[in-house]
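Data first, discussion second: the structure below is written as C-alpha cells.
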Amino acid sequence: MQIVHSDDFVMDTAVEQRVFGENAAAACAAVARLLRRLEDRMSFFKPGSDVRALNEAAGLGIPIRVGAETVFVLLAAKELAEKTCGAFDVTAAPLSECWRGAARRGDGIPPTEEELANAVSLIGNDVLSLFPENGAAQLTKKGAAVDLGGIAKGYAADRAIELYKTMGVEAALINLGGNVKTIGKKPDGQPWVVGLQDPDKERGVFLGSLQVAAASVATSGGYERFSVIGTEKYHHIIDPANGSPAESGLLSATVIAGSSMQADGLSTAAFVLGLEQAAGLLECYPDVEAILIDEERRVWITPGARESWNPAPGYESLSVSVLENNK
Ligand code: AMP
Ligand code: MG
C-alpha cells in the first residue's frame, strides 16, 4: 500500500493531503490538478477566472457564462445567504475590498462611514442573478462583486474526496486551509484526529481535537487572515449587517457536516452570528455539529460532538459547555 503525504499551496491557502491505498500517488497528483483547475475558475484575484469575469461585468446588464462548478457553488451560496439572513454573503466582496483598500492606502485610516455605506448598498442576494439552465450569472449593480473565499475551499475538499474514491483510495485526509475532509480510517485502524487551532497561539498549536470517521470539519477564525491599518489588525470575515469585520464574541467557529462546502459556509456564518444566533441556526441542520470558542476562551459544543472532543495536553482546565436546546 502506498502512503503519500503532500504539502502544497493552492486557492490562496496551505493544502495538505494524506492519502493511503494502491493508487495513492496518482490520486494525490490528480487532486492537486483538480484544485488548480478549481482555483482558475473561482479565484477572486486570478485574471480569467469565472469570478473575475462576473465581477468585471457587474452592472453591464449582461449575464456571463461561467462553469457548471461555479454555478453550483453560487447556487449553494445564495441558499446559505437566505438561511443565515445574510450573515453568509458572497456578495460582501465590496466590503472586503474597502478594508483591503484602506490597508493598501497606508495612511492608517480605516474605511470611512460613507465608503462602507456605499459598499453595503451593493451587497445582498438581490444583486446576484443566476441562470443555471444557461450556465450563466450576473451582477446587477455596478461595483457589486462576489468572492467565494468563504465556501470554495469546502467545495474543493468535497470534490477531492470524490476523486480519491473514484481512484480507489481507501483512506485519506485533505486539509485546505482549515477545511478538513476525510474518508476511511487511518491504516492503523484508528479514526482520524482533527486538531482545533488555539485562536491565540501560532498556527499548529491546538487546544483540542476531534475524532472523526468520514466527515468534514471546517473552522473559521478571526486569527486566520487580516489587514493592518495603522497599528490595528482587522480580520477578514465581514459582518454584512454593518460592513465591518465581525465582532460577535467568538474567536472561532468549527462546523462538522457531511458536506465540506456546507461546513465551510456554515462556519463562516456561525463566526459572524455569534454564540446565540449560531446555536439557533444550527437547530435547522439536524446532521450538523459545531464547536464554538468565545472571547473568554470557553468552548461550546453541540451535544452530538461532545463525545468526539478531547482537550489537548495542558488545556484540560478549559471550560467546556454543551450548547443547550440544540436540536
Ligand atoms: P472562511 O475562512 O471560510 O470563514 O471565509 C472567509 C473568507 O470569505 C474571507 O476571506 C472572504 O473572502 C470571504 N468572506 C468574508 N466575509 C464573508 C461573509 N460574511 N460571507 C461570506 N464570505 C465572506
Ligand atoms: Mg467558510
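Just so you know, ligand 1 is whichever comes first in the structure, and atom 1 is the first atom listed for that ligand. All values below were derived from every heavy atom in this structure, side-chain atoms included, with hydrogens, water molecules and symmetry-related copies excluded.
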Do ligand 1 and [X] have nitrogen or oxygen atoms that lie under 3.5 Å from each other?
{"X": "S220", "answer": "yes"}
{"X": "S96", "answer": "no"}
{"X": "A87", "answer": "yes"}
{"X": "I238", "answer": "yes"}
{"X": "R225", "answer": "no"}
{"X": "T219", "answer": "no"}

- Item | Identified side chain to side chain contact (heavy atoms under 4.5 Å, CB included) counterpart of P240 within the set T91, V272, T84 |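 In the set T91, V272, T84, the residue that makes a side chain to side chain contact (heavy atoms under 4.5 Å, CB included) with P240 is V272.
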Donor-acceptor under 3.5 Å ([X] side chain, [Y] main chain):
{"X": "E56", "Y": "V51", "answer": "no"}
{"X": "K185", "Y": "A213", "answer": "no"}
{"X": "E316", "Y": "G314", "answer": "yes"}
{"X": "Q2", "Y": "A24", "answer": "yes"}

Closest protein heavy atom (residue, atom, distance) for [atom]:
{"atom": "atom 12 (O) of ligand 1", "answer": "D147 OD2, 2.6 Å"}
{"atom": "atom 10 (O) of ligand 1", "answer": "H236 ND1, 2.8 Å"}
{"atom": "atom 1 (P) of ligand 1", "answer": "T268 OG1, 3.3 Å"}
{"atom": "atom 20 (N) of ligand 1", "answer": "D89 N, 2.8 Å"}
{"atom": "atom 5 (O) of ligand 1", "answer": "G150 CA, 3.2 Å"}

- Atom of G150, atom of D264 and distance for their closest heavy-atom approach: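 That would be O-OD1, 2.8 Å.
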- Indicate whether the side chain of E289 and that of T302 have a donor and an acceptor atom separated by less than 3.5 Å.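 Yes, because at least one side-chain N or O of E289 sits under 3.5 Å from a partner of the opposite role on T302.
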- Message: Determine whether the aromatic ring centres of residues F206 and Y315 are separated by less than 6.0 angstrom.
- Response: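 Not under 6.0 Å, so no.
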- Please confirm whether F271 and H235 have ring centers closer than 6.0 angstrom.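 They qualify: ring centres under 6.0 Å apart.
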- Backbone or side-chain N/O/S of N179 under 2.8 Å of the Mg ion (ligand 2):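 Not a single backbone or side-chain N, O or S atom of N179 is under 2.8 Å from the Mg ion (ligand 2).
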- Query: Between the Mg ion (ligand 2) and G149, is there an N, O or S atom separated by less than 2.8 Å?
  - Reply: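 G149 does not place any N, O or S atom closer than 2.8 Å to the Mg ion (ligand 2).
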- Query: Are any of the heavy atoms in S267 under 4.0 Å away from ligand 1?
  - Reply: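 It does not, in that no heavy atom of S267 comes within the 4.0 Å cut-off of ligand 1.
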- In ligand 1, which numbered atoms sit nearer than 4.0 Å to a non-hydrogen atom of P240?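 Per the distance check, 19 (N).
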- Item | R36, CZ atom: more than 12 neighbouring heavy atoms under 6.0 Å |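 Above 12, so yes.
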- Atom nearest to the Mg ion (ligand 2) - D264, N, O or S atoms considered: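 Per the distance ranking, D264 contributes OD1 as its closest N/O/S atom to the Mg ion (ligand 2).
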- Query: Taking the Mg ion (ligand 2) as the vertex, what is the angle from O of G150 to OG1 of T268, given to 10 degrees?
  - Reply: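 Nearest ten degrees: 100°.
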- How long is the span from the CD1 atom in I237 to the CZ atom in F88, to the nearest 0.5 Å?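 Nearest 0.5 Å value for the CD1-CZ distance: 10.5 Å.
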